[in-house]
Amino acid sequence: MTTEVVKEVHLRDSSLPDNELHAVLARTWATPRGLIGWLSVVDHKVVGIRYFITAMVFLAAAGLLAVAMRLQLARPENGVLGPDLYDQVFTMHGTTMMFLFGVPVMEAFMVYLVPLMVGTRNIAFPRLNSFSYYMYLVGGVMLWIAFAFNTGADAGWFSYVPLAGPEYAPGKRVDFWAQMVTFTEIAALSVAIEIIATIFKQRAPGMRLDRIPLFVWAALVTSFVIVFGMPSVMVSSTMLILDRLVSTQFFNPAEGGDALLWQHLFWFFGHPEVYIIFLPATGFISAIIPTFARRPMFGYLPLVLALIATGFLSFGLWVHHMFAAGIPALGSSFFTASSMMIAIPTGVQIFCWIATLWLGRPVFATPLLFTIAFIVTFVIGGLTGVMVASVPIDLQVHDTYFVVAHFHYVLVGGAVFPLIAAIYYWFPKATGRMMSERLGRWNFWLAFIGFNAAFFPMHILGLNGMPRRIYTYPLESGWGSMNFFVSASAVVLAASFVILAWNIIYSIRKGEPAGPNPWNAGTLEWTTTSPPQDYNFARIPVVGASDPLWTAGGLAEAHGLKVESRELVVTTTAEAQPDLRESSPVPSIWPFLAAVTASATLIGSIFTPWAVVWGAVPVGVTLIGWFWPKSVPEDEE
Amino acid sequence: MRIKLLAVGFLALATAGCERLPKSLDSAGRGAEMIADLFWFFTAVSAIIWIGVVAALIAALFRRRDRTSERNAEETDRAAHDRAARVVVTAVGATVVTLLALTAASYFTDRGLVNLTGDNALTIDVSARQWWWAAEYASSDPSQRVTTANELHIPVGTPVNLKLSSADVIHSFWVPELTGKQDLVPGRQNVLRLIATRPGVYRGQCAEFCGLQHAHMAIIVVAEAPKDFEAWRQRQLAPAVEPATDEARRGREVFLQKPCVMCHKISGTPAGSRAGPDLTHVASRRGLAANTLPFTRGSLAAWIADPQSVKPGSKMPLTQLTADELNAVVAYLEGLQ
Amino acid sequence: MKGDLDLSKLQTHGFGPRTTMFWGTLAFITLEGTAFALAIGTYLYLMSINPQWPLGAPPPGLLPGSIITFVMLASVVPNHFLKNWAREENLPLVRAGLVLMSMLGIFILVIRGFEFPQLKVSWDTNAYGSILWFLLGLHTVHLLTDVADTIVLTALMFTRHATGKRFSDTEDNGVYWDFVVLSWMPIYVLLYWVPRW
């Protein structure tokens, strides 16, 4: 006679009616309240919104720095900012925009949207997600507190040596910069790992590789670019700190080091970095255009291949930042060719987008307006990019306002305009309210006109001899009137951001209520409530087509997951067949504690190398606490 | 009406100062010429591409859309789809061909730049420091080496090889009317080749951020007819002009007694330091403090009296001088043609 | 709206590429591997721009580095078995294997600890010293974190937490050890042998 072992019976979503199901899931997936609860959050949507708000605050701060610079440059030999302050301002502007806004804001959208778009309940490694946000926040705040104490980084956002080295940059300014890089790289690498694992393993059953939304593809490629690109700046910034703190000689030519070594290592990261910012922006456009053309995207496969090609090629361009540094001509020519080549997959994307609009029936809402702004503006930036890819042309315009114009055209045109489109597009999903279309139109016109008026003349200024990073210029240069025009136009651009901020703040309270799918879009995030419940989906969706909401028979549901503990389904990598049930971590204070110990160690090491040794112990303790399993068994049947 | 005025005002402001071409397109050097030609080619191609893309976008958004009945919607859909596919493929093909053409054009110009040299090339060693340019005209005979600072003279039509090095951080030598730029990197020697095609005075600025006074590190290149250049060279090789007045003589005494000699050389006197610009023929130059100020009596006085107020952070310290001493030194230096 | 797809019979833990943790580990290995590749690239770059190499010092002594290399290569064998035992969820053998791997790791770390002071050039002497210490240091940090991880896992296997998911973690930990060994091989050749050629 066999003894029957009594197994605990788990409540599953198959056996519950919908309203009870919602109640139980809401309890299971709730974020606890209070301060401890707030610090213990593991919900990807909450973390995503934190990333977004923090990134937008940094955008505003860096934008104010830009206004300060334009005030100083509005007239020749002006006295608004002296050289020391100006050098800190332009460095903080670039550093904040690239490290504290550009990448984190894209991370915000990836973290928020990817789990919803692939049909799962939480991101993979949710505690790591939470930890990554704290690290980003500390790194950014640390840098700005240093700036407030006149210890702001002042050697440019790419911090060339020897100027940034121990001999010519005394004090701690550059050290804070270098360590901020460590914080933000840890955050970005963490997010990349989570996104890759989520996309590979947590897609809804039936979401084969050829049914993945294009934004998710963009997030996947971006994450790989982060994984291969960011270690380079980690290595180089660590070497810089070591040179400054413990007298290593990596960049000192007198002792066998090389100043150009820094440039190679930095730009090997630096070029992929701009694609880390740009690729998710193309993902936004690929999500928005089908909705506002009211038809599926034309050229899904070419677009996916274009994303992958762009990500891959982005690693072969870096020397184009060094054409004037003394690189042999033959080597430089290779990088001209590769830098031109990357325009091909980008062209593929643009042509497919326009084709989709042509074949569709456009709806001229604000997301589409900013998409139009993006195409018109970004193409200019891309074309000046082709120009600077040419070594001879670059030898004239490198390190001048021509390049400043180029990269603002591709970053503002190519990333910020899509970002604003994305804000208008997904704001209703995240908040349950629509943004004002009237303010949206003001936003669009002021931004489009203000940006082009402010930055187009910079091409001419650069051609006319005005270098970058100068705190003033002589009257005789003849650059005065154009600079004045640029500064005046910058005010218009700044006003457009004020309107955006106002629209966001106003609409959170007073915007028109939005249902689950106000745009009648086709991807999975539009099936949830607006805002989504903590658990995202009451039952895991089963997908039978791309754009499942637009395809009859495209959407069904699976059942059988536990509801009293956090459970989600893991599927096979290519075909998305259901494979395992994994438990998703519950809220935990350990990520916060680990961030505290890690931050203390990293900040301490700005001042003494021993911080790394002493800090290793508390870091180890918090990591062990994090990974130590809870008493509740994680994986009973 | 007010909007119209505003727009016109904007445009006027934007195009002010447009009487001449931007410097890098207003070529006075063979290198700049070649690059400018390439640039115009790229601009023309880019303009065509941009107009094409924007036109396609506008057409896509605003074209007339027929109402087709549900029945043959799918067929026209597929036909339209195939047409779009053909257009996109053609566009991608055109992109590839265009990029190849641009790459080839760029490559040929690049080769042209490299070949901007000749057997009779004039070699000048340029060494950049924070925040000025030291220059020495190379020669196998040491007595034929001109040493100067912040202003170069070159003969028109002769290939010039600038050997570039740096004594501290990375700088960049850039005179847009003559040719492209090249960095001066500590630990390396780079070469910049140029040939001036017409006489003139050409101003350039350091183009790699190099610290506090990066904005005030200008270089002047004077291109002149070969015989004028030779005359200049001979004057530069001569020792310092003897002071002509009592005040100027007194000035030389002050110069030799004060810390000035710690940094500045004046050949024909005991002052021999190369830490700062060579002042032997300082009055022959057009500018002062790396061309931050014009060379005038007033500027000279202001600069010597308090360098930090002209160029805060510059390496020239404040020297305590009485008014008489200042006037004397200025008189002396003014005479050093 | 319930469909036909029933997920309730799916297993709750798996091994290897079926799990999210495997892919997370793999992504982490990739980024660490990239960092190593770049450090190696830096070494080769500095070597190529200096007329003489090593700079001002002989290459590191062969003995400690070779001992470590030998022990690491040998450790691949028990590591392989441990990964299999983890798959089979064989607790006694997994415990034994983890204890052995912990001890091997500690032994390697001890040798490495002796190696640093024996290096004939300091990190601040010249760029050669700097990159030598950097590469060795980078690898040592990886050794430290993996050995710490292994020890914690060993401890866990002796508690009530020694259940399904822990076996999957053990296998992943073994995969990471493979990476630590693999990444050492080119560094060993580069640091100890290339300067001698």
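Below, read A as the first sequence line, B as the second, and so on, with proteins coming before strands; counting in each chain starts at 1.
Of the two parts of A/L242, only the side chain, counted from C-beta on, holds a non-hydrogen atom closer than 4.5 Å to a non-hydrogen atom of chain C. There is no contact between C/P51 and chain A, counting heavy-atom distances below 4.5 Å. Both the backbone and the side chain of A/S232 come within contact range of chain C, judged by heavy atoms closer than 4.5 Å. For A/Q202, the part lying near chain C is the side chain, with the backbone staying farther off; criterion is any non-hydrogen pair under 4.5 Å. Interface remark: C/T125 contributes backbone atoms only to the contact with chain A (heavy atom separation under 4.5 Å). Only the side chain of A/F268 has a heavy atom closer than 4.5 Å to any heavy atom of chain C. Interface remark: A/D579 contributes backbone and side-chain atoms alike to the contact with chain C (heavy atom separation under 4.5 Å). Residue A/L260 touches chain C through both its backbone and its side chain, counting heavy-atom pairs closer than 4.5 Å. The contact between A/L265 and chain C is made entirely by side chain atoms (from C-beta outward), counting heavy-atom distances below 4.5 Å. When heavy atoms are compared at a cutoff of 4.5 Å, A/F250 approaches chain C by way of both its backbone and its side chain. Of the atoms belonging to A/V227, heavy atoms from both backbone and side chain fall under 4.5 Å from chain C. In this structure, the portion of A/F125 lying under 4.5 Å from any heavy atom of chain C is its side chain and not its backbone.
Chain A forms the most heavy-atom pairs under 4.5 Å with one residue out of C/T42, C/T159, C/L38, C/L156, and that residue is C/L156. Counting heavy-atom pairs closer than 4.5 Å to chain C, the top-ranked of the candidates A/L580, A/I193, A/T248 is A/L580. In terms of non-hydrogen atom pairs under 4.5 Å with chain C, the most contact-rich of A/V246, A/I226, A/D243 is A/V246. Heavy-atom pairs under 4.5 Å with chain C were tallied for A/D258, A/V569, A/I196; the largest tally goes to A/D258. If you tally non-hydrogen atom pairs under 4.5 Å between each of C/G24, C/A37, C/S122 and chain A, the highest count goes to C/G24. Counting heavy-atom pairs closer than 4.5 Å to chain C, the top-ranked of the candidates A/L128, A/T198, A/V235 is A/V235.
We find the OG1-CG distance between A/T238 and C/L138 to be 8.5 Å, quoted to the nearest 0.5 Å. Summarising the geometry, atom CG belonging to C/D6 is positioned 8.5 Å from atom CZ belonging to A/R12; distances are rounded to the nearest 0.5 Å. Annotation: the span from C/I131 atom CD1 to A/M239 atom CE amounts to 4.0 Å, rounded to 0.5 Å. Interatomic distance, CZ of C/R18 versus OG1 of A/T571, reported as 11.5 Å (0.5 Å rounding). Note that CG of A/L623 and OG1 of C/T145 are 10.0 Å apart. Values are rounded to the nearest 0.5 Å.
Contact of the A/H559 side chain with the C/L7 side chain is not registered, since no non-hydrogen atoms from C-beta on lie closer than 4.5 Å. The side-chain heavy atoms of C/W123 and A/Q249, taken from C-beta on, include no pair separated by under 4.5 Å. Annotation: side chain of A/K562 is not in contact with side chain of C/S8 (no heavy-atom distance under 4.5 Å).
Proximity of a side-chain donor or acceptor of A/K201 to a complementary backbone N or O of C/F22 within less than 3.5 Å is not detected. One N or O on the side chain of C/N50 and one on the backbone of A/G256 form a donor-acceptor pair closer than 3.5 Å. Of the possible polar contacts, one joining the A/R581 side chain to the C/L10 backbone as a donor-acceptor pair under 3.5 Å is found.
Heavy atoms only, all atoms of each residue included: C/A127 and A/G257 are closest at CB-N, 3.4 Å. The heavy-atom pair separating A/P578 from C/L5 by the smallest distance is CG-CD2, 3.9 Å.
For C/F81, the CZ atom counts as loosely surrounded, since its 6.0 Å shell holds 12 or fewer non-hydrogen atoms of other residues, nucleotides or ligands. Within a 6.0 Å sphere centred on CH2 of C/W193, other residues, nucleotides and ligands contribute 12 heavy atoms or fewer. Heavy-atom contacts from other residues, nucleotides or ligands closer than 6.0 Å to CD of A/E167 number 12 or fewer. Atom CZ of C/F116 has more than 12 heavy atoms from other residues, nucleotides or ligands within 6.0 Å.
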Between C/Y45 and A/L261, does a side chain to side chain contact (heavy atoms under 4.5 Å, CB included) hold up when you go through it step by step? CA-CA 8 Å; C/Y45 178 86; A/L261 174 62; 3.8 Å; yes
Test side chain to side chain contact (heavy atoms under 4.5 Å, CB included) on A/L189 and C/F28; report intermediate values, then the result. CA-CA 9 Å; A/L189 287 164; C/F28 188 69; over 6 Å; no
Output, in order, the C-alpha distance, side-chain angles, deciding distance and verdict of side chain to side chain contact (heavy atoms under 4.5 Å, CB included) for A/T573 and C/W23. CA-CA 10 Å; A/T573 315; C/W23 290 98; 4.0 Å; yes
Just do the side chain to side chain contact (heavy atoms under 4.5 Å, CB included) check on C/D169 and A/F627 with the steps written out, would you? CA-CA 11 Å; C/D169 289 345; A/F627 288 111; over 6 Å; no
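Side-chain polar atoms of A/E582 and C/T20 form a donor-acceptor pair below 3.5 angstrom.
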